[in-house]
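Worksheet for the structure shown next.
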Amino acid sequence: MQSTHTKRRIVMAWMGLALLGVLLSACAGPSSTAPQSPTASAMGSFKIVGIGPGDGDLMTVRAVTAISHADVVFCSSKTREKLSPYVDLSGKQVLDGYGVLFRFYGRDCSQVKERNQSRQRMSCEEYHDKQAEFAQLVRAAVSAGKHVVLLSSGDPTIYGPDLWSVKELKNLHPTVIPGLSAFNAANAALKVSLGEVMLTAPFTKEGSRDTIEQLAGHDRATMVIFMPRDMQDLFARLSRSYPSDTPVAIVGNAGMVGQEKITIGTVKGFTKNLSGIDQMRSIIYVGQTLDHAQCKATPNSASGKSKFYLVGVGPGDADLITLRGKKIIEAADLIFVHERLKEKFKDVLSGKEIHTGYNHLFPFYGKKCSDVPKTEKTRGRMSCDEYHQKQAEFAAMVRAAVADGKTVAMLDSGDPMVYGPCSWSLTELSDLDTEVVPGLSCFNAANAALKAGVTEGEKSHSVILASGWSVEEMAAHQSTMVLFTMRTQFKTFIDGLSAHYPADTPVAIVFSAGYAEKERVLQGTLGTIQDQVGTGRLPFEYLLYVGDFLADGGRVAH
């Protein structure tokens, strides 16, 4: 039997629907014909739009387009103010008060313990009422032929609070527009090249195999901790799991120009002193890779006011570049770009001084060729000595341009700090003023294609970004994993995963992530995917996912 409070909420929801219908009709203007039924009228659409972290210019061009074409926008007043310099919301129906409604979704309130409800801003029943109200508003608008967007900070698929709506409204065939994560923005701030990464949060769950303590045993991987909350408790846990001298970086306000704060230290140092750290707006990195973070570099004052930018331009289509990235390209005097990216961004690059052939020069960087075994001295098309010569040539060109007062940009696909082939340039040019412009990773784009929260598995709240060398080592956690394949033999991955995951574990392959016309998802299980793929050669641009978050759209009942 429904409570009086619940009945009142439902009545209010239907009143809201009626009001929205009036407003939508008013926006449509007068008509000489009778209103069409929802089945006869053209259907609208529902999209979750990732707007990135930090400042509004970390939205992608695709996100701006989706918002511009929308009739109804769900966002907070704070978000509206943040985006106002970049997108015009006037003339749209903007609805506030419907963000962060994931709590208790899909759960029976009678089974929720009272202490779990008391920690939230609303009761379980109130969350359910608000979720139903939101869903009814969206359905009414879409049935009326309107385009609806829900704006979601960061990447909505990584600890995002809005993915529940995709599951609730799946009959509307919603779209997820990928957004940068705070992770991408913090990578850029640190200027650190990351390979294997473990994205996690300080959760504790009985039976879990991917807690902070369990993930801590991988020397070559970097742990990235979201939502640190109780810093004292977190660092007490880290001090029991890592050597005391393990490097740590805390990035606050990632993506906010002029407000980012980077604090570098060690596990032991932070355990003793956490003064001045804003735990609500911070993301934490732990691992040896931080020894190479170029945010610590001190530029030579004689280099002048000019700058070198490493610009992440995203994967897939050109509209996945951020507004910030596009602006930097437009302002640059000299640009280094791969031939493929030159064609993709030909409009914005028109009239620029362009150099190609310098984007994949990372092999052998920092190594003496005399120390490289003879059988390994050639990589791809060049020898170790030829790579060194080309690296020196590139560096000399950049330094000469900066000395001449020019702004230089190197364009790199995806997130240049995650398996990026151009990150070596930051170390080489550490004497100059350098900046990394964060870019959407193929990982972010592929998550959006899957329309599922990658940190929302039944057994795992972490996600591991791995490559060929580490697949079996990392698979022992049975966490959600995303494998950056890079021409590694597909069977090698499946064999490594099969040693640790059951054969019925859900698996997905995302092909051509971010390409509106080519993107494709193939889903199966660990036991079936090899047969589904067959023996043909897979394209270079694909990511392999494994984890139970893929089952029924993932777990969103908190």
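Values below: all heavy atoms of this structure, side chains included; hydrogens, waters and symmetry mates excluded. What you see is a predicted model, and the numbers here were worked out from it, not measured in a lab.
A distance-only check finds a donor-acceptor pair linking the side chain of Glu386 to the backbone of Ser383 [under 3.5 Å]. Looking at Asp55, its side chain does come within 3.5 Å of a backbone N or O of Val257 through a donor-acceptor pair. Side-chain atoms of Glu343 never come within 3.5 Å of backbone atoms of Arg340 as a donor-acceptor pair (strictly under, hydrogens ignored). A donor-acceptor contact shorter than 3.5 Å links the side chain of Asp317 to the backbone of Ala516. The closest donor-acceptor contact from the side chain of Ser350 to the backbone of Asp347 lies at 3.5 Å or more, if one exists at all. The backbone N or O of Ser425 lies less than 3.5 Å from no partner atom in the side chain of Gln294, so there is not a single donor-acceptor pair. Judged purely by atom type and a 3.5 angstrom limit, Asn359 uses its side chain to pair as donor or acceptor with the backbone of Leu411. Judged by distance alone, the side chain of Asp412 and the main-chain N or O of Gly312 form no donor-acceptor pair under 3.5 Å.
Proximity of Thr200 to Asp210: side-chain heavy atoms (C-beta onward) are nowhere separated by under 4.5 Å. Contact check for Ser306 versus Val408: no side-chain heavy atoms found under the 4.5 Å cut-off. Contact of the Glu473 side chain with the Arg220 side chain is not registered, since no non-hydrogen atoms from C-beta on lie closer than 4.5 Å. Under the 4.5 Å side-chain criterion, counting only non-hydrogen atoms from C-beta, Ser441 is in contact with Asn184. With contacts defined as side-chain heavy-atom distances shorter than 4.5 Å, the pair Met223/Leu215 qualifies. For the pair Leu440 and Thr322, the minimum side-chain heavy-atom distance is 4.5 Å or more. Contact of the Ile329 side chain with the Ile321 side chain is registered, since non-hydrogen atoms from C-beta on lie closer than 4.5 Å. Using a 4.5 Å cut-off on side-chain heavy atoms (C-beta onward), Phe364 and Trp424 make no contact.
Contacts of Glu81 classified as salt bridge (Lys or Arg N to Asp or Glu O under 4.0 Å), with partners at least two apart in sequence or in another chain: none. Applying the side-chain hydrogen bond (donor to acceptor under 3.5 Å, both in side chains) criterion to Lys367, with sequence neighbours excluded, gives no partner residue. Here Thr157 pairs with Asp155, Asn447 under the side-chain hydrogen bond (donor to acceptor under 3.5 Å, both in side chains) rule; sequence neighbours left out. Taking the side-chain hydrogen bond (donor to acceptor under 3.5 Å, both in side chains) definition, one finds that Asp319 meets it with Arg62, sequence neighbours left out.
Under the side-chain contact (heavy atoms from CB on, under 4.5 Å) rule, Leu151 has a single partner from Val87, Ile48, Ile51, Asp162, which is Ile51. Screening His218, Arg209, His500 for a side chain to side chain donor-acceptor pair (under 3.5 Å) involving His477 leaves a single residue, His218. Test Leu199, Thr455, Val546, Ile464 against Ser479 for side-chain contact (heavy atoms from CB on, under 4.5 Å) and you get one pass: Ile464.
Scanning both residues, Pro315 and Ala513, for their nearest heavy atoms gives CB-O, 4.0 Å. For Ala449 against Val510, the heavy-atom pair with the smallest separation is CB-CG1, 4.0 Å. For the pair Ser423 and Leu310, the tightest heavy-atom approach, listed with the atom from each and the gap, is CA-CD2, 4.1 Å. For the pair Pro178 and Ala445, the tightest heavy-atom approach, listed with the atom from each and the gap, is CB-CA, 3.9 Å. The minimum heavy-atom distance linking Ala201 with Ile225 is given by the pair CA-CG2, 4.2 Å. The two residues Leu290 and Ala249 have their closest heavy-atom pair at CD1-N, 3.6 Å.
Rounded to the nearest 0.5 angstrom, Phe183 CZ and Tyr159 OH are separated by 11.5 Å. Atom-to-atom distance recorded for Glu196:CD and Thr289:OG1 is 10.5 Å, nearest 0.5 angstrom. Interatomic distance, Lys344 NZ to Leu349 CG, rounded to the nearest 0.5 Å: 11.5 Å. Going from atom CE of Met481 over to atom CG of Leu544 covers 8.5 Å, rounded to the nearest 0.5 Å. Interatomic distance, His292 NE2 to Leu426 CG, rounded to the nearest 0.5 Å: 13.5 Å. If you take CG on Leu543 and CZ on Phe511, they are separated by 10.5 Å, rounding to the nearest 0.5 Å.
Looking only at atom types and distance, the side chain of Lys342 has no donor-acceptor partner in the side chain of Thr356 under 3.5 Å away. Between the side chains of Thr204 and Arg237, not a single donor N or O lies within less than 3.5 Å of an accepting N or O.
Relative ring orientation between Phe549 and Tyr545 is described as tilted, the plane-to-plane angle lying within the 30° to 60° band. Ring-plane geometry between His338 and His360 is classed as perpendicular, the angle between the planes exceeding 60 degrees on a 0 to 90 degree scale with a lower cut at 30.
With respect to Lys327 and Glu330, no salt bridge is recorded, no charged nitrogen being found less than 4.0 Å from a carboxylate O. Using a 4.0 Å cut-off between charged side-chain N and carboxylate O, Lys406 and Glu353 make a salt bridge.
For NZ of Lys326, the number of neighbouring non-hydrogen atoms (other residues, nucleotides, ligands) closer than 6.0 Å is 12 at most. The environment of Asp219 atom CG is sparse: at most 12 non-hydrogen atoms of other residues, nucleotides or ligands sit within 6.0 angstrom. Dense packing is recorded around CD of Glu393, with more than 12 heavy atoms of other residues, nucleotides or ligands lying under 6.0 Å away.
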Step-by-step side chain to side chain contact (heavy atoms under 4.5 Å, CB included) determination, Phe226 to Ser181: CA-CA 11 Å; Phe226 285 71; Ser181 167; 3.6 Å; yes

Test side chain to side chain contact (heavy atoms under 4.5 Å, CB included) applied to Leu194 and Leu465, step by step: CA-CA 10 Å; Leu194 298 171; Leu465 312 186; over 6 Å; no

Worked verdict on Ser460 versus Gln478 for side chain to side chain contact (heavy atoms under 4.5 Å, CB included): CA-CA 8 Å; Ser460 169; Gln478 294 187 344; over 6 Å; no

Intermediate values then yes/no, side chain to side chain contact (heavy atoms under 4.5 Å, CB included), Ile158 and Asn444: CA-CA 9 Å; Ile158 303 176; Asn444 304 107; 4.1 Å; yes

Which atom pairs, one a donor and one an acceptor, fall under 3.5 Å between side chains of residues 398-405 and the rest of the protein, sequence neighbours left out?
| unit_1 | atom_1 | unit_2 | atom_2 | d |
| --- | --- | --- | --- | --- |
| Arg399 | NE | Asp431 | OD2 | 3.1 |
| Arg399 | NH2 | Glu428 | O | 2.7 |
| Arg399 | NH2 | Asp431 | OD1 | 2.9 |

Exercise answer: donor-acceptor pairs, residues 258-270 side-chain atoms, under 3.5 Å, sequence neighbours excluded:
| unit_1 | atom_1 | unit_2 | atom_2 | d |
| --- | --- | --- | --- | --- |
| Glu260 | OE2 | Gly255 | N | 2.7 |
| Lys261 | NZ | Gly276 | O | 3.0 |
| Thr266 | OG1 | Gly269 | N | 3.0 |

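A cation-pi arrangement is not found for Arg379 relative to Tyr387, the charged atom failing to lie both closer than 6.0 Å to the ring centre and inside a 45° cone about the ring normal.
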